[in-house]
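The next block holds one structure in the form of structure tokens; read it before the comments.
Only a predicted model underlies this, so the values are computations on that prediction, with no experimental measurement involved. Only heavy atoms go into these numbers, but all of them, side chains included; no hydrogens, no water, no symmetry mates. If you read the sequence from its start, that first residue is 1, and numbering goes on from there.
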Amino acid sequence: MGTVLVKVPFGLNAVSSWTFLLHLDRNRPVAWDDDAWELVLGPGVPVVASIPERRGYVHRIRFEDRPGGGRVMRFGTELPGRGTTWENLDKVTLTFQGLTTTDRPDGVRIPLAEASRTSEPGERSIITVTLSGSRSRAVMTARQDDPVKRAVMHLDRALREQSDQIHSAVDTIRRLLEADQTPENIARLRLALGRGQVWTEQRAGHRRAVIDQLKARPTPVLLLKAAQLVQDPDATPEEREAVRAARERQAAQQRALAEERTAKARCFADEQRRRETERHQHEAERQQREAERRSQAEQDLTDRRRQAETAERQAHAEKLAYLALFVSGALKKAAREGRTTTWEEIAEKTGQRQLARLTHQDKLSLLETVEKNTLPGSPLWSVVLAGAGEALHLHLEVDLRRAFREQFTALVGSHPAVPSCAYC
């Protein structure tokens, strides 16, 4: 068995109770910072020499052999410089201030020590001691009215759970030290004040380190942490001024960043507008080039068509001129023989089969070519073409055109300003 918990209830409910820790393990360090209201050491449990000086006392128990057999438990109180006084258990009483003995009439609650736990608690047994209702209510009322206990408990609770209330708890203990002259209370308050001062000194060191980091490398996280730390009542004006200056620098940096972002956004918008303008210009130029290309393509196509038509007309004219030689020879031969002929006969005898497939206009052009060298007043060679149909019409058209050409030529001779005729 390492330790034994003795739970003593006060009042009419199980919530109001005190807990005593009985430490029996000689090889395990004593948990001086345990939450127990009172701590009692077993036989042979060692104690560091500074503990009685800091606490003012240490409670112990031991077992002695009885003359008739068996063993009896004795209760002792160790005081600094005086050793341990052992008494029977019937000399020990329980009050709202803790365990009271003959040697130590003003028992007090064991304060939380500064030594940390170095090992896990051993096996514990819980023993419940029940007091009478009237006595427990009286003890509970006296306990609740003790300002020193309330102040120490408030500090202990703040150290464990409510760090924002530690400074106010420390201030309360300082005021009680100035007002209370009871040695026991002074010892308790000084122990509690020492714990609070250790925390405040560590807090102040942490605050200085954070502010130094903020000065060397300011960041929003460090500024937020430092702003929270300088809310402590013991923060110096220099520390608050450093945080204020850092906050102003951060605000200036944020304004500069905002202005820089605005300038970049403006430059980006200008660049976008410039690119959009260039894009429109390039698109307009592209459309213009495309229109010019289409126009040039259409012009080239028109020119090629004209060239093709001209070449076709030239080839057709050359073909008609070539065929005119055969037609002229056939007409002259038929005239010498005193007979008529047809287009089909001319095509058959000359071997030019295409003469039979010529259009009316081609035949007219071919006959005009044949009659070009016919003297005025002489009969036309086309008169030998037999037939009352197309052949007659061709002959009449050729004759009319020759008459018109002769008259136009005479007119031009008498009037040089008259333009030339396409049929002449």
Side-chain angles (χ1 to χ4, degrees), residues 285-424:
E285 292 174 358
R286 187 191 65 78
Q287 293 179 357
Q288 183 178 359
R289 289 194 299 270
E290 183 66 18
E292 292 176 355
R293 186 190 64 78
R294 287 196 299 268
S295 176
Q296 184 64 35
E298 293 175 357
Q299 183 64 35
D300 294 342
L301 180 61
T302 302
D303 293 342
R304 286 195 297 271
R305 286 176 179 174
R306 289 176 181 175
Q307 292 174 0
E309 291 175 357
T310 301
E312 185 180 357
R313 287 194 299 270
Q314 181 68 25
H316 190 65
E318 292 175 357
K319 182 182 72 172
L320 293 179
Y322 173 75
L323 294 175
L325 296 175
F326 294 96
V327 173
S328 176
L331 292 177
K332 291 178 179 180
K333 182 179 179 181
R336 285 193 300 269
E337 294 175 356
R339 61 180 181 82
T340 60
T341 188
T342 63
W343 288 100
E344 289 76 7
E345 181 184 357
I346 296 174
E348 181 69 23
K349 289 184 177 182
T350 59
Q352 301 298 322
R353 302 294 183 184
Q354 53 188 331
L355 289 173
R357 298 190 298 271
L358 293 177
T359 64
H360 180 83
Q361 185 63 34
D362 291 339
K363 292 177 181 179
L364 180 61
S365 299
L366 194 150
L367 290 175
E368 286 183 342
T369 302
V370 171
E371 302 293 350
K372 184 177 296 186
N373 295 324
T374 302
L375 296 177
S378 299
L380 297 176
W381 296 106
S382 59
V383 73
V384 300
L385 286 171
E390 182 183 20
L392 180 59
H393 291 161
L394 288 172
H395 173 71
L396 293 176
E397 287 185 22
V398 172
D399 188 33
L400 289 174
R401 289 193 177 193
R402 186 179 71 166
F404 179 79
R405 189 164 48 250
E406 290 175 356
Q407 293 177 2
F408 188 81
T409 301
L411 179 63
V412 171
S414 60
H415 301 281
V418 178
S420 61
C421 178
Y423 298 101
C424 301

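Under the 4.0 Å criterion applied to side-chain N and carboxylate O atoms, Glu309 and Arg306 are not assigned as salt-bridge partners.
Rounded to the nearest 0.5 angstrom, Leu323 CG and Lys363 NZ are separated by 12.0 Å. Atoms CZ and CG, on Phe326 and Leu366 in that order, are 11.0 Å from each other to the nearest 0.5 Å. Summarising the geometry, atom CD belonging to Glu312 is positioned 13.0 Å from atom CZ belonging to Arg305; distances are rounded to the nearest 0.5 Å. Taken to the nearest 0.5 Å, the NZ atom of Lys319 stands 14.5 Å off from the CZ atom of Arg313.
Counting only N and O atoms by type, the side chains of Gln299 and Asp303 include a donor and acceptor under 3.5 Å apart. For Glu318 and Gln314, the side-chain atoms include at least one donor-acceptor pair closer than 3.5 Å.
Counting heavy atoms from C-beta outward, Thr369 and Leu320 have side chains that stay 4.5 Å or more apart. Counting heavy atoms from C-beta on, the side chains of Glu368 and Lys372 never come closer than 4.5 Å. With contacts defined as side-chain heavy-atom distances shorter than 4.5 Å, the pair Thr341/Lys333 does not qualify. Between Ile346 and Leu331, the closest side-chain pair of non-hydrogen atoms falls below 4.5 Å.
Remark: of the listed residues Lys349, Glu348, Gln354, Gln354 is the sole one forming a side-chain contact (heavy atoms from CB on, under 4.5 Å) with Gln352.
With a 6.0 Å radius and a threshold of 12 heavy atoms from other residues, nucleotides or ligands, Glu290 has its CD atom above the threshold.
Judged by distance alone, the side chain of Ser295 and the main-chain N or O of Ala291 form no donor-acceptor pair under 3.5 Å.
Taking all atoms of both residues into account, the shortest heavy-atom contact from Ala324 to Val370 is O-CG2, 3.6 Å.
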